[in-house]
Amino acid sequence: MNEAAWFPPSAEEAADIGGEIHALVSRLFPICRSITGEGVRRTLAILSEHVDVAIREVPSGTNVFDWTVPQEWNVRGASIRTASGKTVVDIADSNLHLVGYSEPVARRMPLSDLRAHIHTLPDQPDLIPYRTSYYSRSWGFCMAHCDYLALEEGDYDVVIDTTLADGSLTYGEFFLPGETEHEVLLSAHICHPSLANDNCSGLAVLAFLARALAGRRRRFGYRFLFAPGTIGALCWLAANEDRLSKVHHGLVVSCIGDGGGPVYKRSRRGDAMIDRAIEVIRCDGRKVTMVDFSPFGYDERQFCSPGFNLPVGLLQRSAFGTFAEYHTSADDLDFVRPEHLASSFRMIMDIIDVIETDRIPLNLSPKGEPQLGKRGLYSATGGHKTTPEITMAYLWVLNLADGSHSLLDIARRSGLPFSTIATAATRLEACRLLGDVQA
């Protein structure tokens, strides 16, 4: 482990990283992924170029709580052609054209029968929807509604060249040990095909976070999980049930590459340290919109189920289901931008900074307000109508540093950024006004 003290990335470091993250999103985007199969393995292989991801395989048929790992699904091709050979749908043009987990099909049928197997978005006629059928045997295609309306009566040749066979579910994890046994869990789902924001953005941002944290001293251990939604998280929970008490903070990261929000859904506990930490975070100068926990969304529902009740929240830019591009072909590489990926990276690093550096300070001169001016901490000229933010931070820290308030508590109470409160505490310590800092 690097023995240098904890420090966040420099402004230059963070500014440059947006383009690198977007380049990784661009590599992940074309891969056809689902909850099992070679697409997940290819994705993990690319992530492994950035961090040393450990690959876990869970055999088909394995029982995980109330669920069973399904057969492995792989795709070689899928298309719809007219009887004269004209192609109207081809998965080679977009992975979203095929309903996830479609069973093999090779037959000719009239349009009247085919219609029951086609999914469209009448309100967004130019976009292809994303649909799946993981746990029931069926098949289907997705297409733009305008193209669907243009289909002519007649026979169509339907070919879905897929396999459903015993194999395994694959997920990846990467662990960075810390100075304590306490861990931070950072999770992103890996099962969506060709959706840039949901969730190539989450996978790429976490990969770069892992790489950045690897070179820094860490009080906490950091566990990065890249797993298929729901069943993948359940597999990880089942395999780690005896050590979940080590997870002290956690974030599910999704839809992190657009310019909206940000939005944070609290953990089921509602008052976990991660919930409170995000209240003092800014992203591009904006406060994070806080919403209460609900048992619908991504894998925070598994981590926060009553049998585990882990301190894990959901961090997004635009919340799932609220932006027009969600689960459509418009969630493409133009929708996620390097500058948004960079600011999301910085935001999560700021959250980690709170987790790593929060402590309980004690005022060593608690009787009245110590004279800051003679220590170079206060303006030599008084009477100003406004007080600098750092000066207010000195005063708040000194007033609340009674041994019962952490720096995070002080930031929340004062409404000042955590970084400003932390800077003020460091300067006050250097002047021997703060001491007996407890971890």
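A salt bridge between Arg27 and Glu49 is present, with a side-chain N of the basic residue lying under 4.0 Å from a carboxylate O of the acidic one. In summary, Asp113 and Arg107 do not engage in a salt bridge, as defined by a charged side-chain N under 4.0 Å from a carboxylate O. Taking the charged nitrogens against the carboxylate oxygens, Arg218 and Glu179 have no contact shorter than 4.0 Å, which rules out a salt bridge. Under the 4.0 Å criterion applied to side-chain N and carboxylate O atoms, Asp258 and Arg317 are not assigned as salt-bridge partners.
For the pair Arg211 (side chain) and Ala207 (backbone), a donor-acceptor distance under 3.5 Å is absent. Using a distance-only test at 3.5 Å, with no hydrogens or angles considered, a donor-acceptor pair links the side chain of Glu356 to the main chain of Arg219. Side-chain N or O atoms of Arg266 include none that pairs as donor or acceptor with a backbone N or O of Tyr264 at under 3.5 Å. In this structure, the side chain of His119 does not engage the main chain of Pro129 through any donor-acceptor pair within 3.5 Å. A donor-acceptor pair under 3.5 Å is formed between the side chain of Lys265 and the backbone N or O of Ser294. At least one donor-acceptor pair under 3.5 Å links the side chain of Asn240 to the backbone N or O of Trp236. Panel note: side chain Asp155, backbone Ala83; no donor-acceptor pair is recorded below 3.5 Å. Between the Asp353 side chain and the Ser419 main chain, no donor and acceptor come within less than 3.5 Å of each other. Looking only at distances, a side-chain donor or acceptor of Ser414 sits under 3.5 Å from a matching main-chain atom of Leu416. Ser102 contributes no side-chain N or O that, together with a main-chain N or O of Leu98, makes up a donor-acceptor pair within less than 3.5 Å.
In this structure, the ring of Tyr101 has its center no less than 6.0 angstrom from the ring center of Tyr135. In this structure, Phe65 has its ring center closer than 6.0 angstrom to the ring center of Phe308. Aromatic rings from Phe141 and His117 are positioned such that their centres are separated by 6.0 Å or more.
Closest non-hydrogen pair, Pro262 versus Cys283, comes out as CG-CB, 3.7 Å. Of all heavy-atom pairs spanning Pro104 and Thr162, the tightest one is CG-O, 3.1 Å. Closest of all the heavy-atom pairs between Ile128 and Leu121 is C-CD1, 4.5 Å. Here the closest non-hydrogen pair linking Arg282 and Gly415 is NH2-O, 4.0 Å. In terms of heavy atoms, Met347 sits closest to Ile281 at CG-CG2, 3.8 Å. Nearest heavy atom pair, residue Leu407 against residue Ala425, reads CD2-CB, 3.8 Å.
Note that the CG atom of Leu225 and the CZ atom of Arg56 stand 10.0 Å from one another [nearest 0.5 Å]. To the nearest 0.5 Å, the span separating CD on Gln71 from OG on Ser168 amounts to 12.0 Å. The line from CG of Leu434 to CD of Glu429 is 5.5 Å long, rounded to the nearest 0.5 Å. The line from CH2 of Trp73 to OG of Ser133 is 10.0 Å long, rounded to the nearest 0.5 Å. Note that OG of Ser34 and CG of Asn95 are 10.5 Å apart. Values are rounded to the nearest 0.5 Å. Taking CD of Glu38 as the start and SG of Cys32 as the end, the distance is 11.5 Å to the nearest 0.5 Å.
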| task | Please report the C-alpha distance between Glu339 and Arg346 in whole Å, then the side-chain angles of each, then the deciding distance to 0.1 Å, and finally whether the salt bridge (charged side-chain N to carboxylate O under 4.0 Å, His left out) criterion is met. | result | CA-CA 11 Å; Glu339 60 270 24; Arg346 291 194 300 269; over 6 Å; no
| message | Working note: Glu183 + Phe175, criterion side chain to side chain contact (heavy atoms under 4.5 Å, CB included); need CA distance, chi angles, decisive distance, verdict. | response | CA-CA 9 Å; Glu183 294 183 11; Phe175 181 64; 3.6 Å; yes
| query | Run the salt bridge (charged side-chain N to carboxylate O under 4.0 Å, His left out) check on Glu300 and Arg268 step by step: do they pass? | reply | CA-CA 9 Å; Glu300 74 281 355; Arg268 181 177 180 269; over 6 Å; no
| query | Run the side chain to side chain contact (heavy atoms under 4.5 Å, CB included) check on Val263 and Val288 step by step: do they pass? | reply | CA-CA 6 Å; Val263 178; Val288 180; 5.8 Å; no
| task | Run the numbers on Glu72 and Asn74 for side chain to side chain donor-acceptor pair (under 3.5 Å), then give the verdict. | result | CA-CA 7 Å; Glu72 184 174 326; Asn74 285 291; 3.0 Å; yes
| query | Under the side chain to side chain contact (heavy atoms under 4.5 Å, CB included) criterion, do Phe335 and Ser201 qualify, and how do the steps go? | reply | CA-CA 11 Å; Phe335 182 54; Ser201 67; over 6 Å; no
| side chain to side chain donor-acceptor pair (under 3.5 Å) assessment of Ser267 paired with Asp275 | CA-CA 7 Å; Ser267 70; Asp275 303 325; 2.7 Å; yes
| task | In sequence, state the C-alpha distance, the side-chain angles, and the governing distance for Val205 and Leu209, and then conclude on side chain to side chain contact (heavy atoms under 4.5 Å, CB included). | result | CA-CA 6 Å; Val205 167; Leu209 280 164; 3.8 Å; yes
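The side-chain heavy atoms of Tyr134 and Pro70, taken from C-beta on, include no pair separated by under 4.5 Å. Looking at heavy atoms from C-beta onward, Gln302 lies in side-chain contact with Thr230 at the 4.5 angstrom threshold. By the 4.5 Å heavy-atom criterion applied to side chains, Asn199 and Ile190 are not counted as neighbours. For the pair Val184/Ile352, no side-chain contact is recorded, criterion being any heavy-atom separation below 4.5 Å from C-beta on. Using a 4.5 Å heavy-atom threshold, the side chains of Ile55 and Tyr171 count as separate. Between Leu315 and Val252, the closest side-chain pair of non-hydrogen atoms is not below 4.5 Å. By the 4.5 Å heavy-atom criterion applied to side chains, Leu195 and Leu96 are counted as neighbours. Between Leu114 and Val158, some side-chain heavy-atom pair lies under the 4.5 Å cut-off.
Note on ring orientation: taking the six-membered ring where Trp is involved, the planes of Phe320 and Tyr326 are tilted (angle from 30° to 60°). Below 30°, between 30° and 60°, or above 60°: for Phe174 and Phe224 the angle between ring planes is between 30° and 60°, a tilted geometry. Relative ring orientation between His327 and Tyr130 is described as perpendicular, the plane-to-plane angle rising above 60° on a 0-90° scale split at 30° and 60°.
Counting non-hydrogen atoms of other residues, nucleotides and ligands closer than 6.0 Å to CZ of Arg413 gives a total of 12 or fewer. Remark: Glu57 CD is packed, more than 12 non-hydrogen atoms of other residues, nucleotides or ligands lying under 6.0 Å away. Other residues, nucleotides and ligands contribute more than 12 heavy atoms inside 6.0 Å of the CZ atom of Arg41.
A donor-acceptor pair shorter than 3.5 Å cannot be found between the side chains of Thr87 and Asp90. Between His145 and Asp123, the side chains place no donor N or O within less than 3.5 Å of an acceptor N or O (distance only, hydrogens not considered).
Across Asp299, Val64, Leu244, a single residue satisfies side-chain contact (heavy atoms from CB on, under 4.5 Å) together with Leu237, and that is Leu244.
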